[in-house]
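Structure first, commentary second.
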Amino acid sequence: MAGYRGRFAPSPTGDLHLGGACTALCAWLAARASGGRLVLRMEDLDTPRVVEGSAERILDDLRWLGFDWDEGPDVGGDFGPYVQSARTSHYEQALTQLRKQGYTYECDCSRAEISREASAPHPGEEGPIYSGRCRKIVGPSRTFRRTPATRLAVPQGIVRVQDAVQGAREVDVASETGDFVLRRGDGLFAYQLAVVVDDLEMGITEVVRGADLWSSSARQALIAMLLGAQPPAWAHAPLVVSEDGTRLAKRAHGVAVRHHREEGRDPRWLVARMAHALGLAGPEERIEPRELISRFSWEKVRPGPISIALGD
Ligand code: GLU
């Protein structure tokens with residue numbers, strides 16, 4: 001594909017774990033197999049969760065595994081900055097555009113009010129679905145009880161998203177998620193807005209990331225469309241679970257790439273185990289990432305969840 005621009009967008013909230021490494025392997029292979037470019041973006045917007053030094057450690061672990069990137073915080077590029085905390089003016093601009101077009105409203109409801117008035121008995125993945133109370137209170141003379149959040153006034157209708165690994169989904173965002181937050185009351189921009197703005201401005205043609213974010217894609221496609229842009233293509237790499245099928249605990253033994261590095265393992269061993277679990281290689285002993293380029297196709301990648309056999 002000419003002009004392919006992919007990205008890997010880790011959050012510096014801890015060391016690179018096997019799930020992130022599998023996603024990085026997919027993102028790197030997709031970019032290299034299409035002769036395109038790979039962007040590395042550090043997603044440090046959720047400042048309370050950022051762990052000091054983990055951004056550098058993640059980049060270092062990615063390099064140890066054999067990956068490289070064409071643009072990123074440490075290598076520069078024409079679409080920077082590549083660190084989200086340095087991009088807030090871009091998010092502000094996008095929010096202003098949405099606001100001017102009448103797609104947003106301010107909301108000063110407290111958490112307790114939102115739970116009490118939730119329009120659905122079962123909470124959505126980001127908590128209870130907001131009733132839309134503040135959407136009805138408009139006018140310049142409105143006073144707020146606390147610094148308000150900004151929500152997207154989600155339009156009615158179905159959003160269709162197509163994924164290279166997970167298939168297709170048709171999502172009624174209004175009923176599935178409701179009017180979601182674009183900027184929190186404390187001023188932090190929501191991941192949903194930031195990621196769309198960054199992917200659009202960085203010219204990303206295909207978003208590769210973990211399957212845990214597949215359900216966010218419809219919301220993000222919607223934001224992109226409201227900003228007047230064409231959403232990127234999607235490819236959600238399988239969720240990595242532990243060998244007994246349960247969620248990988250981030251601190252569990254052997255989950256961090258660094259653990260294997262410190263044990264003196266050959267990175268090609270870990271790449272081989274990941275590639276095998278993903279469906280990209282047989283049970284081989286050692287593989288360099290570049291040996292997988294010619295073998296890569298999204299059709300081969302398992303939708304998951306997958307587990308990585310690390311026993312010898
Ligand atoms: N920063 C997110 C993470 O590390 C990924 C966001 C994305 O790729 O859209 O889970």
Side-chain angles (χ1 to χ4, degrees), residues 5-31 38-51 54-59 61-62 65 67 69 71-73 79 81-88 90-91 94 125-126 161 163-166 169 177 180 182 188-224 227 229 231-241 247-251 255-258 301 304-305:
R5 286 178 62 82
R7 46 70 148 191
F8 180 59
S11 298
T13 53
D15 280 341
L16 181 70
H17 57 86
L18 293 176
C22 278
T23 300
L25 176 58
C26 288
W28 186 86
L29 285 172
L38 183 65
V39 172
L40 193 300
R41 183 172 70 232
M42 200 46 77
E43 300 208 320
D44 62 346
L45 258 199
D46 194 356
T47 35
R49 292 182 57 231
V50 167
V51 174
S54 71
E56 293 72 26
R57 286 166 68 91
I58 289 170
L59 298 189
D61 286 346
L62 288 168
L65 284 167
F67 307 138
W69 42 93
E71 298 168 36
F79 297 84
Y82 295 95
V83 176
Q84 283 192 324
S85 57
R87 300 183 57 80
T88 49
H90 300 245
Y91 312 140
E125 63 173 26
E126 287 194 2
V161 274
D163 187 87
V165 182
Q166 307 294 332
R169 286 185 86 208
T177 331
F180 57 91
L182 298 177
L188 281 189
F189 287 98
Y191 155 72
Q192 303 292 351
L193 177 70
V195 79
V196 172
V197 172
D198 289 345
D199 287 333
L200 291 178
E201 291 188 2
M202 293 178 183
I204 301 303
T205 58
E206 183 173 73
V207 165
V208 178
R209 60 185 177 196
D212 51 331
L213 290 165
W214 174 211
S215 60
S216 288
S217 305
R219 266 171 283 169
Q220 295 169 12
L222 179 62
I223 297 174
L227 285 168
W234 318 94
H236 286 83
L239 204 66
V240 176
V241 294
R247 207 185 153 83
L248 267 197
K250 276 204 178 170
R251 284 177 223 297
V255 167
V257 167
R258 193 149 284 246
V301 176

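Both backbone and side-chain heavy atoms feed into the values below; hydrogens, waters and symmetry mates do not. As the structure is a computational prediction, the values presented were derived from the model and not from experiment. As the structure lists them, so they are numbered: ligands from 1, and atoms in each ligand from 1. Index from 1, following the sequence.
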### Query
Can Leu65 and Leu16 be said to form a side-chain contact (heavy atoms from CB on, under 4.5 Å), step by step?
CA-CA 11 Å; Leu65 284 167; Leu16 181 70; 4.1 Å; yes

### Minimum-distance pair of heavy atoms, taken over all atoms of Leu18 and Val240
O-CG2, 4.3 Å

### Task
Please examine the side chains of Tyr82 and Glu71, heavy atoms only from C-beta on, and report whether any two atoms are closer than 4.5 Å.
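Glu71 vs Tyr82: side chains touch.
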
### Query
Do Asp15 and Val257 have side chains that get closer than 4.5 Å, going by heavy atoms?
no

### Query
Only one of Arg7, Arg87, His90 clears side chain to side chain donor-acceptor pair (under 3.5 Å) with Asp198; which?
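With Asp198 as partner, side chain to side chain donor-acceptor pair (under 3.5 Å) holds for just one option, Arg87.
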
Give me the pairs of N or O atoms, one from ligand 1 and one from the protein, that sit under 3.5 Å apart.
unit_1, atom_1, unit_2, atom_2, d
ligand 1, 1 (N), Ala9, O, 2.8
ligand 1, 1 (N), Ser11, OG, 2.8
ligand 1, 1 (N), Glu43, OE1, 2.6
ligand 1, 4 (O), Ser11, N, 3.2
ligand 1, 4 (O), Ser11, OG, 3.2
ligand 1, 8 (O), Arg7, NH1, 2.6
ligand 1, 8 (O), Arg7, NH2, 3.4
ligand 1, 9 (O), Arg7, NH2, 3.0
ligand 1, 9 (O), Tyr191, OH, 2.7
ligand 1, 9 (O), Arg209, NH1, 2.9

### Task
Would you tell me whether Gln220 and Tyr191 have side-chain atoms, one donor and one acceptor, within less than 3.5 Å of each other?
yes

